[in-house]
Amino acid sequence: MSDKPHSKSAPAIVTRFAPSPTGTLHIGGARTALFNWLYARHTGGKFLLRIEDTDRERSKDEHVTAILASLKWLGLDWDGEPLFQFARADRHRAVAAQLLAAGSAYKCYLTPDELAAMRAKAEAEKRPYVVESPWRDADPATAPAHVKPTVRLRTARTGETVTNDQVQGRVVVPNKDLDDMIILRSDGAPTYNFAVVVDDHDMGVTNVIRGVDHLTNTARQTQVYNALGWELPAFAHIPLVHGGDGAKLSKRHGAQGTDEYRSMGYLPAALRNYLARLGWSHGDDEIFSTEQAIAWFDIVDVGKSAARFDFAKLSDLNGNYIRQTSDAELLEHLRACLAGVGSAADLTIAVDLKSPARPDLKLLKEVATVRPDLVSGVALLAAFDAVGATKLVAALPSLKERARTLPELAAGLLYLIAQRPLKLDDKAAKLIDADAKQALAGLIARFEAAEMWDASALEAIVREFAETQGLKLGRVAQPLRAALTGRTVSPPVFDVMAVLGREEALARLKDQA
RNA sequence: GCUCCCUUCGUCUAUCGGUUAGGACACCAGAUUUUCAAUUUGGUAAGACGGGUUCGACUCCCGUAGGGAGCGCCA
């Protein structure tokens, strides 16, 4: 991992991620965090965290906890302690007072009702709603005693405010379109666009990387920087992530919370890789390690257009990562995944029928056919734990070749917790006809005589049996699979038998013979 | 409505004035196979539209269309 500074003379890069704890970590937010993190790590700078909790109504501690947990799960470590914005209200007020004293801000006695009326009028007349406060130039002595004022920034009415954005390029906003923004509410609370500037400055943030939805805020924030005489950070407004239909990502598209992606069985490394490729690229590289992403990441390679979220591609990537991950580690990821999977009832509600089936939901449906007593990921996890890590790990190698998500892996493990006598699904039941029963009986005798109980020995037995009977291997292997797993699809049957063990495997075969 | 932004295969993207417009996912067909996958071979598929500039435009400029974001005493 490169911890070398970009260049010796340049000041250290400081980026930040500033989520608002009014909900869990949105997947789009996760990507914003990732870009900030990658850039900081790439340059050997710092990646800071700020919790924007100034909306006291909607901010919740549980959301803070959830957001931090999601960032950790994604492997995005931040430097230092998170800064809580609300705790800095005094500092914000002090800066506002400084602006007031300098004449760069003024008290405005316009009431919410008056503002609403102005707005309605503007809309009725179809002209842009730009507040022109009479208090900008009024004599403070004429202020009404009963109205608590807001504090507005006194901004230029002519000229233009220019943002040289590292992604969007030069963005120009005429100052006449920008009204005197409120920096302090009538209750003394700082507003977002003001607090952000003060905090970014105080935290020493050099690069602001955030979603384009903040682009128009930048002009206003620039005015604050200018009023304070502070140096502007570099801005990079990255494109948003949309759902598969091009509309803003929402529940309808399957999932928006990062924790849901964990439940759906995506590995953090795979999600990182996928998210990094959304809006950013390094030539034709598709699958790369986090170290490579850090080494390669640069803002200049971020594109301008919005990207659509594609679960198929994420799943493919995830399959690659699953295959690369060690069995022991995979088991840990599986645990974390299942621990977050609720009941099927929880999952069916919000999801659009047209969006791809959620892997976790699919798993739950499958579990219901094998073990109806297990109704949630947590219950399933307990059943797996009863089987023991040794068996689970032994079953993983042949399973992970074919799984794209963790729930698929869990589904493949289901034969281990199926209870005898197995309930065969329709296709499997069909496979066990009279001929098959006869073959099974013949095989059972040979299996009982087997000296070794491992996949290759078992395969040799079956191959020989098939040959002497003049049968194709498939004619014998398929009924075996059906009897052992209750399904027509499973990992190679000989692996299944080896993992199941002699006693259980024979018992299952006898149940069907 | 006003302001700003975006537009290459279905999707993510490469291309930084000269390419048979490349890769990945998805899809289709073949090989392999005890099932499903994985693997492997091949294939379908794109510069929104209209004008310029230029010897030459996907690349630069203008317009049109479509999409997105923002316009709060929310963040």
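Reckoned from all heavy atoms, side chains included, excluding hydrogens, waters and symmetry mates. Every chain is numbered from 1 and lettered A, B, ... according to where its sequence line falls, protein lines coming before strand lines.
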Next item on the list: Using Watson-Crick or G-U wobble geometry with both distances below 3.5 Å, tell me the partner of rC4(B), or none.
Entry: rG68(B)
Next item on the list: Once you apply the 3.5 Å cut-off to both distances, tell me the Watson-Crick or G-U wobble partner of rA45(B), or none.
Entry: none
Note to self: Whether T54(A) contacts rA75(B) is assessed here as follows: a side-chain N or O lying under 4.0 Å from the phosphate OP1 or OP2. Is that the case?
What the structure shows: yes
Next item on the list: May I ask you to say what V196(A) touches in the nucleic acid, namely base, sugar-phosphate or nothing, with a heavy-atom cut-off under 4.0 Å?
Entry: nothing
Next item on the list: Would you classify G279(A) as touching base, sugar-phosphate or nothing, given that sugar-phosphate means primed atoms plus P, OP1 and OP2, and contacts are heavy atoms under 4.0 Å?
Entry: sugar-phosphate
Notebook entry, point to check: Would you say a side-chain N or O of R58(A) is under 4.0 Å from OP1 or OP2 of rA75(B)?
Noted result: no
Next item on the list: Answer yes or no: is there an ion pair linking R136(A) with E132(A), defined by an N-O contact shorter than 4.0 Å?
Entry: no
Next item on the list: May I ask you to say whether D53(A) pairs ionically with R88(A), meaning some side-chain N is under 4.0 Å from a carboxylate O?
Entry: no
Check: How does protein reach along nucleotides 36-43 of chain B, written 5' to 3' as B (base within reach of a heavy atom under 4.0 Å), S (only sugar-phosphate), or - (no contact)?
Finding: BBSS----
Check: Nearest-Å distance, CG (D284(A)) to C1' (rU19(B))?
Finding: 14 Å
Check: Within the structure shown, what part of the strands sits under 4.0 Å from N217(A) by heavy-atom distance: base, sugar-phosphate, or nothing?
Finding: base
Checklist line | rA31(B): pairing nucleotide in any strand, Watson-Crick or G-U under 3.5 angstrom | finding: rU39(B)
Next item on the list: Using atom CG of D165(A) as one end and atom P of rC6(B) as the other, report the distance to the nearest whole Å.
Entry: 10 Å
Next item on the list: Run the salt-bridge test on D316(A) and K313(A) with the 4.0 Å N-O cut-off and return the result as yes or no.
Entry: no
Margin query: Please check this pair: side chain of Q168(A) against backbone of H237(A), looking for a donor-acceptor N/O pair closer than 3.5 Å.
Written below: yes
Notebook entry, point to check: Does rU19(B) pair with anything, Watson-Crick or G-U wobble, both distances under 3.5 Å, and if so, with which nucleotide?
Noted result: none
Notebook entry, point to check: Hey, does the side chain of R220(A) come within less than 4.0 Å of rC71(B)'s phosphate (OP1/OP2), counting only N and O?
Noted result: no
Checklist line | E467(A) CD: over 12 foreign heavy atoms closer than 6.0 Å | finding: no
Next item on the list: Could you check which nucleotide pairs with rC60(B) in any of the strands shown, counting Watson-Crick or G-U wobble with both distances under 3.5 Å?
Entry: rG52(B)
Item checked: side-chain contact (heavy atoms from CB on, under 4.5 Å) partner of L399(A), the single match among L413(A), I322(A), D495(A) -> L413(A)
Pairwise N/O distances under 3.5 Å, protein to nucleotides 57-68 of chain B:
none

Notebook entry, point to check: For the pair made of NZ in K313(A) and P in rC25(B), what is the distance, rounded to whole Å?
Noted result: 7 Å
Notebook entry, point to check: How would you label the contact of T150(A) with the nucleic acid (heavy atoms, under 4.0 Å): base, sugar-phosphate, or nothing?
Noted result: base
Checklist line | Whole angstrom value for the distance that separates P of rA24(B) from CG of D310(A) | finding: 15 Å
Next item on the list: Check whether any side-chain N or O of S281(A) sits under 4.0 Å from OP1 or OP2 of rA14(B), and answer yes or no.
Entry: yes
Margin query: With a 3.5 Å limit on both atom pairs, tell me what rA24(B) is paired to, counting Watson-Crick and G-U wobble, or say none.
Written below: rU11(B)
